[in-house]
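First up is the structure itself, then whatever we jot down about it.
Computation of the quantities below employed the complete heavy-atom set of this structure, encompassing side-chain atoms and omitting hydrogens, waters and symmetry-equivalent molecules. Proteins get letters first, then strands, A, B, ... in listed order; numbering begins at 1 in each.
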Amino acid sequence: MEKLGIKVEERKVEKKKLPPLPHAEKGEVITRFPPEPNGYLHIGHAKAAFVDYEYARMYDGIFILRFDDTNPVNERKEFYEVQKEDLKWLGIEWDKEYRTSDNLPKHYELARQLLEEGNAYICTCSEEEISRNRKLMKECACRNERNISWNEFAKMEEGEAVMRLKGDMKSKNTAMRDPVLFRIIEHPHPIHGKRFRVWPTYDFYGAVEDSLSGVTHPFRSKEYELRDEVYFYLLDCLGLRKPYLMEFSRLEIKGMPVSKRKIKPLIENGKVMGWDDPRLPTLKGLKRRGILPEAIKEFVLSQGISRAESVVVFENLEAVNRKMLDGVARRYFFVPEPVKVVVENAEEMEVMLKYHPSIDMGVRKIKVGNIFFIPAEDASKLKQGDIFRLKDLYNVKVKSKNDEIHGEFVGKELLPGVEKIQWVSHEYVEVKVMIPGLLYENDEFNENSLKIVEGYGEKNIREVKEGEIVQFERFGFVRIERNGITGIMAHK
RNA sequence: GCUCCCGUGGUGUAGUCCGGCCAAUCAUCUCGGCCUCUCGAGCCGAAGACCCGGGUUCAAAUCCCGGCGGGAGCACCA
């Protein structure tokens with residue numbers, strides 16, 4: 001027993017967990033995911049949303065979905081719904097939902113307070129002047145001499161004035177040099193129409209909303225780091241509660257653009273098919289490619305919440321996805337670049353093949369005669385006299401080979417060391433498979449990132465539901481679209 | 001340029017706050033072997049890391065200083 005050196009160990013597959021949250025008590029944690037309703041969600045949003053969601057669940061807390069819709073020129077009505085659908089697809093459920101724009105009256109109230117208490121001022125300098133003075137660390141006359149009230153400000157024209165925090169123009173942190181808190185935007189809002197024209201900036205509503213909504217642990221990505229000081233200073237001025245702010249690095253994937261800023265031009269220039277292009281890390285794109293929401297969850301949470309920036313390879317997501325898919329995907333035969341095989345002494349029959357090698361998912365029927373097709377790649381390796389096996393069927397000996405292969409039936413029993421090749425019979429359907437690759441190779445746009453493989457699939461592929469993910473044996477996992485005519489390869 | 005953040009195997013990550021239990025976790029990748037009528041999955045095993053240099057300490061991945069490298073910000077966008 002022991003001398004065989006066999007150790008019997010309990011192997012617990014512990015679910016990957018996020019590290020404990022600092023200053024967190026069970027039942028007391030409130031988190032929030034605050035997208036701007038201006039586009040489709042991508043895997044970077046998924047990371048933020050899952051971190052927020054998971055921590056709320058881990059501590060029996062509350063998870064809020066908040067739409068940061070305070071720039072009317074950016075927001076579009078459809079995206080409120082689209083983003084919610086994306087979140088639902090991920091399996092994320094939120095306890096509360098609201099729009100930041102609904103709280104503008106409260107924001108105005110706080111703005112007046114800041115003004116009255118001398119913590120902010122209306123500035124009529126031009127954008128260039130503001131920028132210049134920040135560089136020179138110089139205070140302007142608006143801050144010290146003039147004294148425009150909120151009411152006057154509210155009547156001014158777009159671009160004429162902004163409300164600024166009295167920070168510290170001498171601060172080493174440029175974000176503290178009197179950041180703009182409110183500006184006038186003359187543009188209808190998708191929800192409120194023309195009701196408001198003075199809109200808060202991120203520095204203002206981000207801090208204020210987190211505080212007022214009771215959020216205890218707000219997360220944001222690292223590029224906001226320098227604004228932390230503004231965040232806390234502002235809340236101090238307003239006498240509001242300060243949440244425990246945390247930042248993590250943005251998710252980066254090698255060869256894939258993970259940001260709206262980079263994805264949008266690709267779509268506009270026709271470099272990709274749209275927001276749901278399977279080469280894109282948008283949730284719509286990943287879904288179309290056959291990536292499961294659970295896989296996205298495991299993957300993004302495995303990235304953790306550290307500030308260390310890193311570039312992950314997509315294969316890591318594929319690995320997670322593949323393992324999840326393996327147990328649920330039905331198997332079919334697909335023959336890329338088919339080569340005809342004519343088999344002598346072939347029996348005409350109907351065979352039953354299992355949908356899954358080890359899990360009982362039932363069987364499918366295939367009619368076979370003496371005509372088959374096998375992949376060109378496998379055919380090219382065959383020589384006259386070789387024996388190969390039509391997988392799950394029988395063995396064939398190559399009698400002659402040119403454009404097609406002529407062979408003969410040489411038995412049903414499994415022979416050791418014989419190649420098993422997937423095949424289709426004379427009853428096949430034409431199938432195209434899109435194979436998404438990386439959009440960038442060594443920082444260069446890859447014009448050939450989408451390959452298309454044409455081939456024959458077994459007729460049963462027609463029965464596959466739109467959107468189902470199956471495995472084409474010895475080929476890869478493929479999500480089926482358009483009644484079996486097209487597939488999109490997720491990965492091997 | 002200035003300011004801030006970051007630096008653990010090929011890749012990602014845990015550990016860093018509160019130095020010792022870290023001769024460093026987990027996953028992926030790679031390489032062997034087993035299993036299997038898939039090139040998938042599963043199982044077993046191997047290889048592989050604390051950016052560099054000083055300092056503090058009985059003891060440093062962990063604290064301090066310097067260097068190097070990477071990233072971000074310097075918007076009336078978030």
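Judged by distance alone, with hydrogens and angles left aside, Y224(A) brings a side-chain donor or acceptor within reach of the base of A78(B), the pair sitting under 3.5 Å.
In terms of phosphate contacts, S131(A) brings no side-chain nitrogen or oxygen within less than 4.0 Å of OP1 or OP2 of C74(B). OP1 or OP2 of U13(B) has not a single side-chain nitrogen or oxygen of R307(A) nearer than 4.0 Å.
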Sort me out a list of protein N/O and nucleotides 64-69 of chain B N/O pairs below 3.5 Å, or just none if empty.
none

All N/O pairs under 3.5 Å across the protein-nucleotides 35-42 of chain B interface:
{"residue": "C37(B)", "atom": "O2'", "partner": "K391(A)", "partner atom": "NZ", "Å": "2.9"}
{"residue": "C37(B)", "atom": "O2'", "partner": "D392(A)", "partner atom": "OD1", "Å": "3.2"}
{"residue": "C37(B)", "atom": "O2", "partner": "R389(A)", "partner atom": "NE", "Å": "3.0"}
{"residue": "C37(B)", "atom": "O2", "partner": "D392(A)", "partner atom": "N", "Å": "2.8"}
{"residue": "C37(B)", "atom": "N3", "partner": "R389(A)", "partner atom": "NE", "Å": "2.8"}
{"residue": "C37(B)", "atom": "N3", "partner": "R389(A)", "partner atom": "NH2", "Å": "2.6"}
{"residue": "C37(B)", "atom": "N3", "partner": "D392(A)", "partner atom": "N", "Å": "3.3"}
{"residue": "C37(B)", "atom": "N4", "partner": "R389(A)", "partner atom": "NH2", "Å": "2.4"}
{"residue": "U38(B)", "atom": "O4'", "partner": "E473(A)", "partner atom": "OE1", "Å": "3.4"}
{"residue": "U38(B)", "atom": "O2", "partner": "R474(A)", "partner atom": "N", "Å": "3.0"}
{"residue": "U38(B)", "atom": "N3", "partner": "Q471(A)", "partner atom": "OE1", "Å": "2.8"}
{"residue": "U38(B)", "atom": "N3", "partner": "Q471(A)", "partner atom": "NE2", "Å": "3.4"}
{"residue": "U38(B)", "atom": "O4", "partner": "R331(A)", "partner atom": "NH1", "Å": "2.2"}
{"residue": "C39(B)", "atom": "N4", "partner": "D378(A)", "partner atom": "OD1", "Å": "3.4"}
{"residue": "C39(B)", "atom": "N4", "partner": "R474(A)", "partner atom": "NE", "Å": "3.2"}
{"residue": "C39(B)", "atom": "N4", "partner": "R474(A)", "partner atom": "NH1", "Å": "2.3"}
{"residue": "C39(B)", "atom": "N4", "partner": "R474(A)", "partner atom": "NH2", "Å": "2.6"}
{"residue": "G40(B)", "atom": "O2'", "partner": "D326(A)", "partner atom": "OD1", "Å": "3.3"}
{"residue": "G40(B)", "atom": "N2", "partner": "D326(A)", "partner atom": "OD2", "Å": "3.4"}
{"residue": "G40(B)", "atom": "N3", "partner": "D326(A)", "partner atom": "OD1", "Å": "3.4"}
{"residue": "A41(B)", "atom": "O4'", "partner": "D326(A)", "partner atom": "OD1", "Å": "3.1"}
{"residue": "A41(B)", "atom": "O4'", "partner": "D326(A)", "partner atom": "OD2", "Å": "3.3"}
{"residue": "A41(B)", "atom": "O2'", "partner": "D326(A)", "partner atom": "OD2", "Å": "3.2"}

Under-3.5 Å N/O pairs linking protein and nucleotides 16-22 of chain B:
none

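Checking side-chain atoms of D86(A) against main-chain N and O of Y40(A) turns up no donor-acceptor pair under 3.5 Å. With Q422(A) contributing its side chain and F333(A) its backbone, the two residues share no donor-acceptor pair below 3.5 Å. Side chain of R479(A) to main chain of A490(A): no donor-acceptor pair is present (N/O by atom type, distance under 3.5 Å, no hydrogens or angles). A side-chain donor-acceptor contact under 3.5 Å links T282(A) to the backbone of W275(A). R134(A) contributes a side-chain N or O that, together with a main-chain N or O of D178(A), makes up a donor-acceptor pair within less than 3.5 Å.
Distance CG/L181(A) to CE/M163(A): 4.5 Å, rounded to 0.5 Å. For the atom pair CZ of F477(A) and CD1 of I469(A), the computed distance is 9.5 Å after rounding to the nearest 0.5 Å. Taken from CZ in R164(A) to CG in N119(A), the straight-line distance is 14.5 Å, to the nearest 0.5 Å.
Taking the ring pair (Phe, Tyr, Trp, His ring centres under 6.0 Å) definition, one finds that F334(A) meets it with F472(A), F475(A), sequence neighbours left out.
If you check every strand for non-hydrogen atoms under 4.0 Å, N74(A) touches sugar and phosphate atoms only. Residue P19(A) is classed as a sugar-phosphate contact, given heavy-atom separations below 4.0 Å to backbone atoms only. Using a 4.0 Å heavy-atom criterion, one finds that V311(A) contacts the sugar-phosphate atoms exclusively. Heavy atoms of G206(A) sit nowhere under 4.0 angstrom from any nucleic acid atom. Note on Y205(A): only backbone sugar-phosphate atoms sit closer than 4.0 angstrom, heavy atoms only; bases stay farther off.
Look at CG on L181(A): it is 12 Å from P on C77(B), rounded to the nearest Å. Rounded to whole Å, atom P of A75(B) lies 13 Å from atom CG of D178(A). Between R220(A) atom CZ and C4(B) atom C1' the separation is 14 Å, expressed in whole Å. Residue E225(A) contributes atom CD, which lies 7 Å from atom P of C6(B) at whole-angstrom precision. Here A78(B) presents its P atom at 15 Å from CZ of R250(A), a figure rounded to the nearest Å. Following rounding to the nearest Å, E157(A) (CD) and C76(B) (P) show an atom-to-atom distance of 19 Å. Here the C1' atom of nucleotide A72(B) and the CG atom of D228(A) are 13 Å apart, to the nearest Å.
With C1' as the reference atom, G15(B) and C63(B) are 16 Å apart, rounded to whole Å. To the nearest whole angstrom, the two C1' atoms, one in G32(B) and one in U8(B), are 27 Å apart. Distance check on atom P: C21(B) versus G67(B) gives 31 Å, rounded to whole Å. Nucleotides A47(B) and C51(B), compared at atom P, are 22 Å apart to the nearest Å. Separation of the C1' atoms belonging to G48(B) and C31(B) is 11 Å when rounded to the nearest angstrom. Taking atom P on both nucleotides, A49(B) is separated from G9(B) by 9 Å, rounded to a whole Å. Between G71(B) and C64(B), the distance separating the two C1' atoms is 24 Å to the nearest Å. Separating the P atom of G20(B) from that of C29(B) is a span of 33 Å, rounded to the nearest Å.
We find that E160(A) and R183(A) are not joined by a salt bridge, their nearest charged nitrogen and carboxylate oxygen being 4.0 Å or further apart. The pair D69(A)-R76(A) does not meet the salt-bridge criterion, since no charged nitrogen lies less than 4.0 angstrom from a carboxylate oxygen. Between K222(A) and E309(A) there is a salt bridge, with a side-chain nitrogen of the basic residue lying less than 4.0 Å from a carboxylate oxygen of the acidic one. A salt bridge links R197(A) with E186(A): the distance from a Lys NZ or Arg NE/NH1/NH2 to an Asp or Glu carboxylate oxygen falls below 4.0 Å. With respect to the salt-bridge test (charged N to carboxylate O, under 4.0 angstrom), the residues E247(A) and R307(A) qualify.
Annotation: cation-pi pair R364(A)/Y332(A) present, NZ/CZ under 6.0 Å from the ring centroid and within 45° of its normal.
Relative to the side chain of R134(A), the nucleotides G12(B), A75(B), A78(B) differ in distance, and A75(B) lies closest.
Within 6.0 Å of atom CD in E268(A), more than 12 heavy atoms from other residues, nucleotides or ligands are found, so the atom counts as buried in its surroundings. The neighbour count for N442(A) CG, taken as heavy atoms of other residues, nucleotides or ligands under 6.0 Å away, does not exceed 12.
Along RNA chain B, the nucleotide nearest E223(A) and the nucleotide nearest G304(A) are compared for position; the residue whose nucleotide lies closer to the 5' end is G304(A). Place E127(A) and S310(A) on RNA chain B by their nearest nucleotides, and S310(A) ends up nearer the 5' end.
At a non-hydrogen distance threshold of 4.0 Å, V162(A), K172(A), T174(A) from residues 161-176 of chain A come into contact with RNA chain B.
Side-chain atoms of N151(A) and R112(A) form a donor-acceptor pair, as typed in the model, at a separation below 3.5 Å.
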**Request:** Kindly express the pairing pattern of RNA chain B in dot-bracket notation, using | wherever a base pairs with another strand and counting only Watson-Crick or G-U pairs under 3.5 Å.
**Result:** (((((((..(((.......[.....))).(((((.......)))))....(((((..]....))))))))))))....
